[in-house]
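By convention here, the first residue in the shown sequence is residue 1.
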Amino acid sequence: MKLRPLHDRVIVKRVEQETKTASGIYIPDNAAEKPDQGEVLAVGPGKRDDKGELLPMAVKVGDRVLFGKYAGQTVKVDGDELMVMREDDLMAVIEK
């Protein structure tokens, strides 16, 4: 199945969180928080302003982004857990 987001929505896949701290302590799975960053897999065309003109999206496929803990909706597609969220839910793009 392939997802094509509508309007200003973005499909994001969470990145795996480190299971070991900088000091070498391992964090068990049940104590670890879900990561708040991911990779953009698909981007909608953008939303329209009051005049009906299409506003371009600020993110593109492949960007690594930060989002809030409770942002978006989680969906399962072909066994993968993905997030569907609005562009407004994204806080930043992580530059490499």
Side-chain angles (χ1 to χ4, degrees):
M1 179 187 329
K2 201 169 182 185
L3 291 179
R4 183 175 52 93
L6 302 175
H7 308 292
D8 65 332
R9 288 188 174 76
V10 195
I11 308 293
V12 176
K13 182 171 184 168
R14 290 183 191 266
V15 294
E16 295 301 319
Q17 189 173 6
E18 294 292 324
T19 57
K20 188 167 101 171
T21 65
S23 61
I25 298 172
Y26 285 93
I27 303 169
D29 289 338
N30 59 355
E33 290 186 21
K34 287 191 174 182
D36 55 357
Q37 55 181 280
E39 181 183 350
V40 176
L41 299 180
V43 178
K47 71 176 164 180
R48 298 198 177 269
D49 63 8
D50 295 336
K51 297 177 185 174
E53 295 177 17
L54 195 62
L55 300 172
M57 299 286 278
V59 295
K60 61 187 181 305
V61 173
D63 281 349
R64 194 157 184 169
V65 293
L66 292 176
F67 49 87
K69 191 177 205 173
Y70 303 107
Q73 180 70 35
T74 304
V75 294
K76 271 202 168 206
V77 178
D78 296 333
D80 290 330
E81 192 172 287
L82 305 175
M83 305 278 301
V84 179
M85 59 184 71
R86 291 189 175 274
E87 185 183 31
D88 292 344
D89 292 336
L90 301 175
M91 296 187 286
V93 175
I94 300 172
E95 300 290 335
K96 296 177 184 175

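Closest non-hydrogen pair, P5 versus P45, comes out as O-CD, 3.8 Å.
With rounding to the nearest 0.5 angstrom, the CG atom of L54 is 10.5 Å from the NE2 atom of H7. Taking CG from L82 and CZ from R14, the interatomic distance works out to 10.5 Å, rounded to the nearest 0.5 Å. Taken to the nearest 0.5 Å, the CG atom of D63 stands 11.5 Å off from the CG atom of L41. Atom CG of D89 and atom CZ of R9 lie 9.5 Å apart (nearest 0.5 Å).
With a 4.5 Å cut-off on side-chain heavy atoms, E87 and M57 count as touching. Side-chain contact between D80 and K13: present, with at least one pair of heavy atoms (C-beta onward) separated by less than 4.5 Å. Between V59 and V93, some side-chain heavy-atom pair lies under the 4.5 Å cut-off. Annotation: side chain of L3 is in contact with side chain of V77 (closest heavy-atom distance under 4.5 Å). Between R48 and L55, every side-chain heavy-atom pair lies at or beyond the 4.5 Å cut-off. For the pair V10 and K60, the minimum side-chain heavy-atom distance is 4.5 Å or more. Side-chain contact between I94 and V65: absent, with no pair of heavy atoms (C-beta onward) separated by less than 4.5 Å.
A salt bridge links D8 to R86: at least one charged side-chain nitrogen sits closer than 4.0 Å to a carboxylate oxygen.
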- Message: I'd like to know whether V15 forms a side-chain contact (heavy atoms from CB on, under 4.5 Å) with R64, so could you lay out the CA-CA distance, the side-chain angles of the two residues, the decisive distance to 0.1 Å, and finally the verdict.
- Response: CA-CA 9 Å; V15 294; R64 194 157 184 169; 3.2 Å; yes
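Under a hydrophobic clustering in which Ile, Leu, Val, Met, Phe, Trp and Tyr are joined whenever their side-chain heavy atoms come within less than 4.5 Å, directly or via other members, M83 and M91 fall into different clusters.
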